[in-house]
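Quick note on labels: first sequence line is chain A, next is B, and so on, each numbered from 1.
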Number of protein chains: 2
Amino acid sequence: MNIGQAASASGVSAKMIRYYESIGLIPKTIRTESGYRVYSDHDVHTLRFIRRARDLGFSVEQIADLVSLWRDRERASKDVKTIALDHVAVLERKIRELQDMASTLKHLAENCCGDSRPHCPILEELASEEPLPVHAKADAKFGALGKA
Amino acid sequence: MNIGQAASASGVSAKMIRYYESIGLIPKTIRTESGYRVYSDHDVHTLRFIRRARDLGFSVEQIADLVSLWRDRERASKDVKTIALDHVAVLERKIRELQDMASTLKHLAENCCGDSRPHCPILEELASEEPLPVHAKADAKFGALGKA
DNA sequence: CCTTGACCTTCCTATGATTGGAAGGATTAC
DNA sequence: GTAATCCTTCCAATCATAGGAAGGTCAAGG
């Protein structure tokens with residue numbers, strides 16, 4: 001199987017498969033004489049595992065740990081559970097941060113009549129010297145929400 | 001006022017002030033003869049406005065719009081409100097995504113006894129060919145949650 | 001007056017996961 | 001035989017931020 005076929009079978013783009021190989025998340029594949037990467041069904045299974053873990057928001061580092069636990073028949077389920085619950089805690093912290101931001105903004109927007117006049121409590125709040133009314137601090141690495 | 005003083009007065013790091021200048025979010029300041037940037041209280045006020053907007057998760061692009069509306073005495077509050085509510089919508093979509101991930105993971109973790117035995121429903125789920133039980137797809141730009 | 005330390009300057013690098021493209025070779029289908 | 005579609009590697013961009021190196025400047029104290 002070529003990389004393109006492995007990509008569509010696994011849901012991981014060819015670009016990402018090469019990237020995962022380059023960072024060591026997946027091993028280097030065998031190649032054809034002309035240098036094409038060759039994948040087995042087993043490789044595709046691993047890629048699908050990886051994609052699912054990404055869909056759940058795990059970092060590549062965590063995924064590497066999960067994959068190696070998956071491969072280890074003598075793993076302790078505790079180790080897996082720890083990774084999962086740590087991640088849940090991170091997710092929940094993020095959720096709270098975003099909720100604080102959203103609720104602060106919603107309150108401000110409710111008080112803004114949103115017409116053609118210049119008066120605007122949202123800008124007033126941003127320009128104010130007082131602390132923000134709700135705890136609504138982005139942590140730097142997350143503030144911009146990616147491209148969304 | 002030097003950049004360091006402006007930084008501590010505004011809560012925006014000197015690094016970021018230079019960056020904001022380089023991308024045109026704030027104008028180039030005057031300099032001393034020896035090349036040091038000089039800031040006024042007014043500049044600090046603008047920086048604090050920017051920091052608050054960042055704390056609410058606005059992107060630099062949105063902040064540029066907000067700052068220019070703030071400067072414009074003839075703005076329509078509608079324009080500000082639109083930016084704010086668009087951002088709220090993005091935040092709420094993100095919140096839902098993260099909640100889906102967290103709830104999926106919590107369900108899986110609940111069924112994992114978390115002891116020294118290898119049996120683990122979390123890994124089983126990741127390895128499964130079935131679709132994930134809850135709609136829990138990360139959008140790519142957000143999946144890894146930054147460094148957190 | 002001179003040194004020391006704390007500041008400032010610019011420039012380059014890294015982060016994390018992903019996408020995009022360019023330039024060139026391989027394969028496949030007609 | 002040729003066109004289209006794949007593959008290869010390498011480089012760049014995203015977004016906001018932090019870190020560091022190399023070198024110039026300033027203030028205080030001896």
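For A/Ile3 and D/dC6, the CD1 to P distance is 13 Å, given to the nearest whole Å. Atom pair B/Lys94:NZ and D/dC15:P shows a separation of 14 Å (rounding to whole Å applied). One interatomic measurement links the two molecules: CG of B/Asn2 to C1' of D/dG24, which rounds to 14 Å at whole-angstrom precision. Taking atom CD on B/Glu61 and atom C1' on D/dT14, their separation rounds to 13 Å, with Å as the unit. B/Gln5 has its CD atom 19 Å from the P atom of D/dT25, to the nearest Å. Atom pair A/Met1:CE and D/dC6:P shows a separation of 16 Å (rounding to whole Å applied). Taking atom CZ on B/Arg37 and atom P on D/dG24, their separation rounds to 17 Å, with Å as the unit. In this structure, the CD1 atom of B/Ile23 is 13 Å from the C1' atom of D/dT14, given to the nearest Å.
For the residue pair B/Thr46 and B/Asp43, no side-chain donor N or O sits within less than 3.5 Å of a side-chain acceptor on the partner.
Residue contacts shown for A/Arg18 include a base, since a base heavy atom lies under 4.0 Å away.
Relative orientation of the B/Trp70 and B/His45 rings is perpendicular, given thresholds of 30° and 60° on the angle between their planes.
The residue among B/Lys15 and B/Tyr19 whose nearest nucleotide of DNA chain D lies closer to the 5′ end is B/Tyr19.
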Show me the protein contacts with nucleotides 26-30 of chain C, counting only N or O atoms at under 3.5 Å.
unit_1, atom_1, unit_2, atom_2, d
C/dA26, O4', A/Tyr36, OH, 3.2
C/dA26, O3', A/Ser34, OG, 3.0
C/dT27, OP1, A/Ser34, OG, 2.8

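For A/Glu92, the CD atom counts as densely surrounded, since its 6.0 Å shell holds more than 12 non-hydrogen atoms of other residues, nucleotides or ligands.
Classification of A/Asp55 and A/Arg51 as a salt-bridged pair holds, one side-chain N sitting under 4.0 Å from a carboxylate O. A salt bridge links B/Arg93 with B/Glu97: the closest approach of a Lys/Arg side-chain nitrogen to an acidic carboxylate oxygen falls below 4.0 angstrom.
Note that NZ of A/Lys94 and CE of B/Met101 are 12.5 Å apart. Values are rounded to the nearest 0.5 Å.
Here A/Arg31 does not reach the OP1 or OP2 of D/dC7: none of its side-chain N or O atoms lies under 4.0 Å away.
Taking both residues in full, the closest heavy atoms of A/Ala7 and A/Ala14 are given as CB-N, 3.6 Å, listed atom of the first, atom of the second, then distance.
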